[in-house]
Colleague: 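After the C-alpha cells below, expect a handful of questions from me.
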Amino acid sequence: VTLAIRVAQDGSQLEIGGGSLHGLLTQHAETIGPARQALDTLAFALIHEVNRLHSQGQGERGWAQAVGTVSFDAPNLPLGTGGSPMFPVTDGRFTINLRDPDSGEVVDGFTIDVDPDTMSLQDVADAINAGSGGTVTASIDGDGRLELTAADGMEMTFSEDTSGFLAAAGINTFFTGSSAADIAVSADLLESPELLALGSGDVSGSTGTALAIAALQNAASDWLGGQAIGDYWSGEVGTLGIRTGASAGMFQSSSLVRENLAVQMMSASGVSMDEETINLLAYERQFEAAARYLSVVDETLEILMNLV
C-alpha cells in the first residue's frame, strides 16, 4: 500500500518534502509497509502449510457434505494456468474414502489423479463423479466452490493428497483466507469441532496430522525462502525492533540538533535569554528606587508647605 497526499479538487499528488507529513509517509514506507508485507507473507505460508496437512487428515467424524471455502472465478480454466485462485496445485493425486458413520470403518474409496496443466476445477469434479461409482456427487455451486456430497448413510474422509488440490479448493481445511487481514479458522470446524483432522491413515485415535502440523514450527517452508515459520517470525520481529530502535535514536539526535541550532540562532542574533532576564531585573530595581525617591520628595514638600 502506497500512501500519498492528493488535492481533493483535481486529484493531483502533492510532493511532500519535509515536515510531519513527510515523516509519517516515510515511516509508513520504510517501516510499517515492510512489516505488514512480512506479516502477510507469514500468514499466507501458515495458511497453506497447515491446510495442506489438515486437508488430508481425518477427524472424529467424517463429512456428509463438504463445500470448499475457496471460490474459483474461472472453474473451466486449467488449475495451473489461472484456474487456481490462491494456492498452487501440482501434478499428483488425492484419495476420498467412504466411511460408515456408526462403526467408523472405511467401506470404500477411490483416488483422483490431478494434472494442473490440463485439468480445471470442473474436470476434477467430473473425475470424482466418474470415479466414485455414485457414492460421491461432485458439483460446482453458484459461487464457484467445489461441493462434495456422500451417498446416504455414508461419510467422506480425505487422505494422501500429493497434488495440493484439496487445500487449494478449501476442502477439509483448517484456515480460510490468504493474508493476515482475512485469516480465520474454518466456520465448519467452529460449528463442528469433531471435524478437526487430528488423525492420519484413517486410523481411529491417531494424532498423526496434529503432530505434523505442530512440527511446522521448525520445518523449512518454500514460501518463506527455506526458513521455518518460527525462525521467519523471530527474524522479522528482530528486524522491526532494530528499525524501531534506529528511529528512536534518529528522533533523539534530531531533537538535540534542533536545540543546538536554537541556541546558535539566539547567539548569532545577539540575544541572550539570561542577559535579558538580568537586565529586566535591574530595570525593575531602578524603577523601584526612582519611585521611592519621588515618594520622599513628595513627603518633604508636603512638610514644608505645612510649615509655611
Colleague: For side chain to side chain contact (heavy atoms under 4.5 Å, CB included), just list the numbers for Ser253 and Leu256, CA-CA rounded to whole Å, side-chain angles, deciding distance to a tenth of an Å, and then say yes or no.
Modeller: CA-CA 5 Å; Ser253 298; Leu256 292 174; 5.7 Å; no
Colleague: Do Leu211 and Leu46 share a hydrophobic cluster, counting only Ile, Leu, Val, Met, Phe, Trp and Tyr and linking them when any side-chain heavy atoms are less than 4.5 Å apart?
Modeller: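 No; tracing contacts between hydrophobic side chains, which count when under 4.5 Å, never links both residues.
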Colleague: Kindly compute the distance separating CD1 (Ile96) from OG1 (Thr111), expressed to the nearest 0.5 Å.
Modeller: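 Nearest 0.5 Å value for the CD1-OG1 distance: 9.0 Å.
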Colleague: Whether the side chain of Ser192 engages the backbone of Leu189 through a donor-acceptor N/O pair (distance < 3.5 Å, no angle test) should be reported.
Modeller: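 Here the side-chain-to-backbone pair does not exist.
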Colleague: Is the backbone of Glu105 close enough, under 3.5 Å, to the side chain of Asp100 for a donor and an acceptor to pair up by distance?
Modeller: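 No: the side chain of Asp100 does not pair with the backbone of Glu105.
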Colleague: Does Gln65 have more than 12 heavy atoms from other residues, nucleotides or ligands lying within 6.0 Å of its CD?
Modeller: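 Yes, because the 6.0 Å sphere around CD of Gln65 holds more than 12 heavy atoms from other groups.
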Colleague: Taking all atoms of both residues into account, what is the closest heavy-atom pair of Arg145 and Gly68, and its distance?
Modeller: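 It is CD-O, 3.1 Å.
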Colleague: More than 12 foreign heavy atoms under 6.0 Å from CD of Glu60: is that the case here?
Modeller: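 Incorrect, the count does not exceed 12.
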Colleague: To the nearest 0.5 Å, how far apart are CH2 in Trp63 and CD in Glu155?
Modeller: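 Rounded to the nearest 0.5 Å, the CH2-CD separation comes out at 11.5 Å.
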Colleague: Would you compute the distance between atom CG of Leu216 and atom CD1 of Ile229 and round it to the nearest 0.5 angstrom?
Modeller: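 Interatomic distance, Leu216 CG to Ile229 CD1, rounded to 0.5 Å: 5.0 Å.
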Colleague: Report yes or no: does Asp161 contribute a side-chain atom to a donor-acceptor pair with the main-chain N or O of Phe94 at less than 3.5 Å?
Modeller: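 Looks like no, no N/O pair under 3.5 Å.
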Colleague: Counting N and O atoms only, with roles assigned by atom type, does the side chain of Ser163 sit under 3.5 Å from a partner on the main chain of Val89, one being a donor and the other an acceptor?
Modeller: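 No.
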Colleague: Is Leu195 reachable from Leu190 through a run of I, L, V, M, F, W or Y residues, each pair having side-chain heavy atoms under 4.5 Å apart?
Modeller: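 Yes; Leu195 is reachable from Leu190 via cluster members.
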Colleague: Side-chain heavy atoms under 4.5 angstrom apart, residues restricted to Ile, Leu, Val, Met, Phe, Trp, Tyr: same cluster for Ile183 and Val70?
Modeller: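 Yes; Val70 is reachable from Ile183 via cluster members.
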Colleague: Quick one, Met154 with Val107, criterion side chain to side chain contact (heavy atoms under 4.5 Å, CB included). Give me CA distance, side-chain angles, the key distance, then yes/no.
Modeller: CA-CA 9 Å; Met154 305 292 286; Val107 297; 2.9 Å; yes
Colleague: Considering all heavy atoms of both residues, which atom of Gly59 and which atom of Arg99 are nearest to each other, and what is their separation?
Modeller: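 Gly59 and Arg99 have their closest heavy atoms at O-NH2, 3.5 Å.
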Colleague: Do Glu284 and Leu280 come within less than 4.5 Å of each other through their side chains, counting heavy atoms only?
Modeller: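 Of all side-chain heavy-atom pairs linking Leu280 with Glu284, none is under 4.5 Å.
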Colleague: May I ask you to test the Phe174-Ile47 pair for a side-chain heavy-atom distance under 4.5 Å?
Modeller: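 They are not in side-chain contact.
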Colleague: When rounded to the nearest 0.5 angstrom, what is the spacing between OG in Ser132 and CG in Leu98?
Modeller: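 It comes to 8.0 Å.
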Colleague: Of the non-hydrogen atoms in Ala127 and Ile112, which two are nearest, and what is the gap between them?
Modeller: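 Shortest heavy-atom separation between Ala127 and Ile112 comes out as O-CD1, 3.5 Å.
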Colleague: Would the distance check show the side chain of Asn218 and the main-chain N or O of Ala215 forming a donor-acceptor pair, the cut-off being under 3.5 Å?
Modeller: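 Here the side-chain-to-backbone pair does not exist.
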Colleague: In this structure, which one of Phe44, Phe165, Phe72, Phe175 forms a ring pair (Phe, Tyr, Trp, His ring centres under 6.0 Å) with Phe87?
Modeller: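 That would be Phe44; it is the only one of Phe44, Phe165, Phe72, Phe175 passing the ring pair (Phe, Tyr, Trp, His ring centres under 6.0 Å) with Phe87.
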Colleague: Short question: side chain of Ser206, backbone of Ser200 - any donor-acceptor pair under 3.5 Å?
Modeller: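 Answer holds: yes.
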Colleague: Starting at CG of Leu166, measure out to OG1 of Thr173 and round the result to the nearest 0.5 Å.
Modeller: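 One gets 9.5 Å once the value is rounded to the nearest 0.5 Å.
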Colleague: Ignoring hydrogens and geometry, is there a side-chain-to-backbone donor-acceptor pair from Ser120 to Asp123 under 3.5 Å?
Modeller: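 Side chain of Ser120 to backbone of Asp123, a donor-acceptor pair under 3.5 Å: yes, one is there.
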Colleague: Decide whether Glu49 and Ser221 meet the rule of one side-chain donor and one side-chain acceptor closer than 3.5 Å.
Modeller: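 Yes.
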Colleague: According to a 4.5 Å side-chain heavy-atom criterion applied to Ile, Leu, Val, Met, Phe, Trp and Tyr, with indirect links allowed, do Val136 and Val106 form part of one hydrophobic cluster?
Modeller: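 No: no chain of side-chain contacts under 4.5 Å links Val136 to Val106.
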Colleague: Quick one: does Thr176's side chain get under 4.5 Å of Asp182's, heavy atoms only?
Modeller: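 No. Closest side-chain heavy atoms not under 4.5 Å.
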Colleague: Is it true that atom CG of Asp222 has more than 12 heavy atoms of other residues, nucleotides or ligands lying nearer than 6.0 Å?
Modeller: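 No - once you tally the heavy atoms of other residues, nucleotides and ligands closer than 6.0 Å, there are 12 at most.
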Colleague: Determine whether more than 12 heavy atoms belonging to other residues, nucleotides or ligands lie under 6.0 Å from atom CG of Asp10.
Modeller: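 Above 12, so yes.
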Colleague: Can you tell me if CH2 on Trp223 sees more than 12 non-hydrogen neighbours from other groups inside 6.0 Å?
Modeller: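 Yes - once you tally the heavy atoms of other residues, nucleotides and ligands closer than 6.0 Å, there are more than 12.
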Colleague: Which heavy atom in Ser159 sits nearest to a heavy atom in Asp202, and how many Å separate them?
Modeller: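 Looks like OG-OD2, 4.5 Å.
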Colleague: Just how far is it from atom CG of Leu121 to atom CG of Leu79, taken to the nearest 0.5 Å?
Modeller: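 Rounded to the nearest 0.5 Å, the CG-CG separation comes to 6.5 Å.
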Colleague: I'd like to know whether CD of Gln13 has more than 12 heavy-atom contacts from other residues, nucleotides or ligands below 6.0 angstrom.
Modeller: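 Buried by this count: over 12 neighbours within 6.0 Å.
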Colleague: How far apart are the closest heavy atoms of Val114 and Met119, and which atoms are they?
Modeller: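 Smallest interatomic distance, heavy atoms only, reads CA-SD, 3.8 Å.
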Colleague: Mark yes or no for whether Asp40, through its side chain, and Ala180, through its backbone, hold a donor-acceptor pair below 3.5 Å.
Modeller: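 Yes.
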Colleague: Starting from Leu198, can I reach Ile171 by hopping between I/L/V/M/F/W/Y residues whose side chains sit under 4.5 Å apart?
Modeller: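 Result: yes, single cluster for both.
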Colleague: Glu160 side chain to Thr95 main-chain N or O, any donor-acceptor pair under 3.5 Å?
Modeller: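 Answer holds: no.
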Colleague: Do the non-hydrogen side-chain atoms of Asn97 and Met156 ever get within less than 4.5 Å of each other?
Modeller: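 Counting from C-beta outward, Asn97 and Met156 never come under 4.5 Å.
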Colleague: Using side chain to side chain donor-acceptor pair (under 3.5 Å), reason through Asp143 and Ser71 one step at a time and then give a plain yes or no.
Modeller: CA-CA 6 Å; Asp143 294 324; Ser71 297; 5.7 Å; no
Colleague: Between Tyr232 and Leu42, is a side chain to side chain contact (heavy atoms under 4.5 Å, CB included) present by the stated rule, with each step listed?
Modeller: CA-CA 8 Å; Tyr232 181 86; Leu42 177 65; 3.9 Å; yes
Colleague: Do you see a donor-acceptor pair shorter than 3.5 Å between the side chains of Asn172 and Ser55?
Modeller: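 Looking only at side-chain atoms, Ser55 and Asn172 do not form any donor-acceptor pair under 3.5 Å.
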Colleague: Please report the closest heavy-atom contact between Ser178 and Met86, naming both atoms and the distance.
Modeller: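 Looks like CB-SD, 3.3 Å.
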Colleague: Just by distance, do the side chain of Gln58 and the backbone of Gln56 share a donor-acceptor pair under 3.5 Å?
Modeller: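 At least one qualifying donor-acceptor pair exists.
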Colleague: Stepwise, does the side chain to side chain contact (heavy atoms under 4.5 Å, CB included) test hold for Thr118 with Asp115?
Modeller: CA-CA 6 Å; Thr118 60; Asp115 181 358; 3.2 Å; yes
